[in-house]
Novice: 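Structure incoming, see below.
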Amino acid sequence: MSQPVIEIRNLHKAYGSLEVLKGVDITAAEGKVVSLIGSSGSGKSTLLRCANLLEDSQQGDVIFCGEPVVWKGSGASRQPADKAQMIRIRTNLSMVFQQFNLWAHMTILQNVMEAPVTVLGRDKAEVEEKARGYLAKVGIGDKCDVYPAQLSGGQQQRAAIARALCMEPKALLFDEPTSALDPELEQEVVKVIKALAEEGRTMLIVTHDMRMAHDVSDHVVFLHQGKIEEEGAPAELFGNPKTDRLRGFLSATVPA
């Protein structure tokens, strides 16, 4: 079995006295898609942000491609000890947020090229060729020279996915990628995510879209109040939920 790209062991995260994650274990193997589902406040997005080192956790291990994050301090003062390691890991885990976070003053092509050129120092001409390819891949190759405000929400989110891909990361992290979109625009983005899953990209997805979680995931994790309540293959989890909490959650979120 291939080495996991992301491995999280016994992760704890609190904001003051509010405990958000209470000892969570997650593994995303290479080429696999893991979806995190659960009610608002269950800790899904926090878990994603801890995996990407955007948030510091108080306890537990974050391991990237077999390399554990090195920490200094403990408890509330714990933080990554090696800045170079943190940057290296973060640039290998591209995150796509609920809000598209595109630079309003840059064209779509400039948005996609910005990080590989300025953060990774890659050759501009080479990056431009790749950026155009990724924009074509997500179905907006004809929008290179327009500005974000001229695009629909679905197109902006697809541009954000192209931007994440242009970093050529080891894994993609999606934080509710469709929740800011109207249903018809949502489907444009779901289609792109499904295509990426079929390509065998490693992905960790926080989503409220149960159909997408069912269709694209190799493994689904149901979080409840900061703990894993149930997890398994999508057919098993959605078709035969074992806990009352998951049954209740699914009956409230999956259309009849």
Side-chain angles (χ1 to χ4, degrees), residues 1-11 21 24-37 44-55 57 60-70 80 82 84-97 112 115-116 119-120 122 127 130-131 133-134 137-138 158 160-177 189-207 209 212-223 228 230-238:
M1 193 176 154
S2 63
Q3 187 181 63
V5 177
I6 301 164
E7 204 175 347
I8 285 169
R9 295 184 192 153
N10 191 32
L11 202 74
L21 296 172
V24 173
D25 298 290
I26 298 267
T27 300
E30 191 174 347
K32 300 297 182 189
V33 180
V34 178
S35 286
L36 308 174
I37 63 170
K44 309 182 299 294
S45 292
T46 301
L47 180 60
L48 211 59
R49 293 174 72 84
C50 287
N52 201 25
L53 305 180
L54 287 172
E55 297 267 3
S57 48
D61 296 311
V62 177
I63 301 158
F64 176 70
C65 293
E67 179 187 355
V69 172
V70 182
D82 181 344
Q85 181 193 47
M86 182 177 77
I87 291 166
R88 189 174 69 254
I89 290 173
R90 206 179 275 163
T91 52
N92 271 293
L93 296 172
S94 280
M95 192 138 167
V96 177
F97 298 89
V112 174
V119 177
L120 302 179
R122 290 190 182 146
V127 170
K130 287 196 166 149
Y134 286 125
K137 184 188 191 76
V138 299
R158 285 187 280 158
I161 294 170
R163 178 181 58 187
L165 289 168
C166 205
M167 289 292 282
E168 306 202 313
K170 294 255 200 279
L172 291 162
L173 309 181
F174 289 91
D175 190 6
E176 297 278 15
V189 174
V190 169
K191 194 173 155 192
V192 169
I193 294 171
K194 279 185 183 172
L196 294 172
E198 281 160 17
E199 272 178 24
R201 290 193 181 259
T202 310
M203 296 192 274
L204 201 50
I205 304 175
V206 166
T207 185
D209 182 337
M212 180 173 79
H214 180 280
D215 292 350
V216 308
S217 308
D218 296 289
H219 191 77
V220 179
V221 176
F222 172 54
L223 279 169
I228 294 175
E230 201 169 328
E231 62 181 312
E236 186 187 317
L237 208 80
F238 292 112

Novice: Side chains of I26 and L204: closer than 4.5 Å at any heavy-atom pair?
Specialist: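 They are in contact (side-chain heavy atoms under 4.5 Å apart), so the answer is yes.
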Novice: Of the non-hydrogen atoms in A160 and V96, which two are nearest, and what is the gap between them?
Specialist: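 Taking A160 first and V96 second, the nearest heavy atoms are O-CG2, 4.2 Å.
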Novice: Would you find a donor on one side and an acceptor on the other, under 3.5 Å apart, between the side chain of R158 and the backbone of V138?
Specialist: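 A pair under 3.5 Å: yes.
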Novice: Give a yes or no on whether the backbone of K170 and the side-chain of E30 come within a donor-acceptor separation of less than 3.5 Å.
Specialist: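 No; judged by distance alone, with no hydrogens or angles, the pair does not exist.
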Novice: Side chain to side chain contact (heavy atoms under 4.5 Å, CB included), that's the test. Do T46 and L21 meet it? Break it down for me.
Specialist: CA-CA 8 Å; T46 301; L21 296 172; 4.1 Å; yes
Novice: Between the side chain of S94 and the main-chain N/O of A164, is any donor-acceptor distance below 3.5 Å?
Specialist: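 Side chain of S94 to backbone of A164: a pair is present.
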Novice: One pair to check against side chain to side chain contact (heavy atoms under 4.5 Å, CB included): K194 and M212. What are the steps and the verdict?
Specialist: CA-CA 8 Å; K194 279 185 183 172; M212 180 173 79; 5.7 Å; no
Novice: Compare all side-chain heavy atoms of V192 with those of V190 and state whether any distance is below 4.5 angstrom.
Specialist: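 A side-chain contact under 4.5 Å is absent here.
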Novice: Could you walk me through whether H214 and L237 pass the side chain to side chain contact (heavy atoms under 4.5 Å, CB included) check?
Specialist: CA-CA 9 Å; H214 180 280; L237 208 80; over 6 Å; no
Novice: Would you call I89 and L53 a side-chain contact if the rule is heavy atoms closer than 4.5 Å?
Specialist: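 In contact.
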Novice: Quick check: closest heavy atoms across A51 and L93, and the distance to 0.1 Å?
Specialist: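 Closest approach of A51 to L93, heavy atoms only: O-CD1, 3.5 Å.
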Novice: Are the side chains of M203 and F174 in touch, meaning some heavy atoms are under 4.5 Å apart?
Specialist: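 When only atoms from C-beta onward are counted, F174 and M203 do touch, with a gap below 4.5 Å.
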Novice: Show the nearest heavy-atom pair for residues T207 and I37, with the distance to one decimal.
Specialist: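 Closest approach of T207 to I37, heavy atoms only: O-CG2, 3.9 Å.
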Novice: Rounded at 0.5 Å granularity, tell me how far CD in E176 sits from CG in D209.
Specialist: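 Those atoms lie 9.5 Å apart.
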Novice: Determine yes or no for a side-chain-to-main-chain donor-acceptor pair under 3.5 angstrom, with D175 supplying the side chain and F97 the backbone.
Specialist: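 Checking the backbone N and O of F97 against the side chain of D175, no donor-acceptor pair under 3.5 Å is found.
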Novice: Using modelled atom types only, decide if a donor and an acceptor are shared between the side chain of R201 and the backbone of A171 within a distance under 3.5 Å.
Specialist: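 No; judged by distance alone, with no hydrogens or angles, the pair does not exist.
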Novice: Do L196 and L172 have side chains that approach each other closer than 4.5 Å (heavy atoms only, starting at C-beta)?
Specialist: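 Yes, their side chains come closer than 4.5 Å.
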Novice: From L48 CG over to E55 CD, what is the distance, rounded to the nearest 0.5 angstrom?
Specialist: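 Result: 11.0 Å between the selected atoms.
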Novice: Between the side chain of Q85 and the main-chain N/O of V70, is any donor-acceptor distance below 3.5 Å?
Specialist: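 Side chain of Q85 to backbone of V70, a donor-acceptor pair under 3.5 Å: yes, one is there.
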Novice: Okay, side chain of N52, backbone of L54: is any donor-acceptor separation there less than 3.5 Å?
Specialist: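 Side chain of N52 to backbone of L54, a donor-acceptor pair under 3.5 Å: no, none is there.
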Novice: Can you tell me if T91 uses its side chain to pair, donor with acceptor, with the backbone of R88 under 3.5 Å?
Specialist: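 Answer holds: yes.
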Novice: Working note: E231 + I228, criterion side chain to side chain contact (heavy atoms under 4.5 Å, CB included); need CA distance, chi angles, decisive distance, verdict.
Specialist: CA-CA 7 Å; E231 62 181 312; I228 294 175; 4.0 Å; yes
Novice: Taking C-beta and beyond as the side chain, do V34 and D218 meet within less than 4.5 Å on heavy atoms?
Specialist: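 Counting from C-beta outward, V34 and D218 never come under 4.5 Å.
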Novice: Find out whether F238 and V220 are in side-chain contact, i.e. whether some heavy atom of one side chain is under 4.5 Å from a heavy atom of the other.
Specialist: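 Yes, side chains in contact.
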Novice: Locate the shortest heavy-atom distance separating I193 from P177; write the atom from each residue and the value.
Specialist: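 Closest heavy-atom pair between I193 and P177: CD1-CG, 3.8 Å.
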Novice: Can you name the nearest heavy-atom pair linking A197 to V216, along with the distance?
Specialist: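 That would be CB-O, 4.0 Å.
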Novice: How many angstroms lie between CG in L173 and OG in S45, if you round to the nearest 0.5 Å?
Specialist: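 Answer rounded to 0.5 Å: 11.0 Å.
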Novice: Which atom names give the shortest non-hydrogen contact between L11 and D61, and what distance separates them?
Specialist: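 Reported closest heavy-atom pair: CD1-O, 4.4 Å.
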Novice: To the nearest 0.5 Å, tell me how far K44 NZ sits from L223 CG.
Specialist: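 These two atoms lie 7.5 Å from each other.
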Novice: Can you tell me how far apart CZ (R163) and CE (M95) are? Round to the nearest 0.5 Å.
Specialist: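 Rounded to the nearest 0.5 Å, the CZ-CE separation comes out at 11.5 Å.
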Novice: Rounded to the nearest 0.5 Å, how far apart are SG of C166 and CZ of R122?
Specialist: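 Reported value, rounded in 0.5 Å steps: 7.5 Å.
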Novice: Is M167 close to L120 at the side-chain level, that is, under 4.5 Å between some pair of heavy atoms?
Specialist: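 With C-beta onward as the side chain, the pair touches.
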